[in-house]
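What follows is one structure encoded as structure tokens, with my remarks underneath.
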Amino acid sequence: MHVVYVARDLWEAQLLLDQLIELWIKARIDNALSLGVYGELPYQASRPRVVVEREGDVARALRAVREFEARQQASVDGVRLCASCGDESPENFELCWKCGGELEPRG
Ligand SMILES: [Zn+2]
């Protein structure tokens, strides 16, 4: 088990996890204990971590993390709705964070 990212919250961890799964990297979110105390997390250790299961995937996963961070830092003004499930994704996403479906055109 290899930690590739310590997320701010479960939402962010899930976004990254979806990206890794898209690349066929076997990964999961560790430390789901923090689920119940969403919001106030005093300890670094209680933040959700994204872990990769196979050593051979670590390098690819870290590359995906860097791309992910770059996207996270890009300014996001609005949201785009998913045509499939109706959930909101940040405006700079091409595909739905939740189901991977097509997003409505930028508004
Ligand atoms: Zn969707």
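Whatever order the structure lists ligands and atoms in, that order sets their numbers, starting from 1.
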Note, the Zn ion (ligand 1) has protein N, O or S atoms under 2.8 Å numbering 4
Please lay out, stage by stage, how Arg49 and Ile29 fare under the test side chain to side chain contact (heavy atoms under 4.5 Å, CB included).
CA-CA 6 Å; Arg49 296 173 298 174; Ile29 296 172; over 6 Å; no
Are Leu81 and Trp97 joined in one hydrophobic group, where the rule is that I, L, V, M, F, W and Y side chains link up if heavy atoms are under 4.5 Å apart?
no
Holding to side-chain hydrogen bond (donor to acceptor under 3.5 Å, both in side chains), I want the full list of residues that pass it with Arg54, two or more places apart in sequence or in another chain.
Asp57
CG on Leu103 to OG on Ser89, rounded to 0.5 Å
5.0 Å
Val50 side chain near Leu20 side chain, heavy-atom distance below 4.5 Å:
yes
Is Arg28 paired with Glu53 through a side-chain N to carboxylate O contact shorter than 4.0 Å?
yes
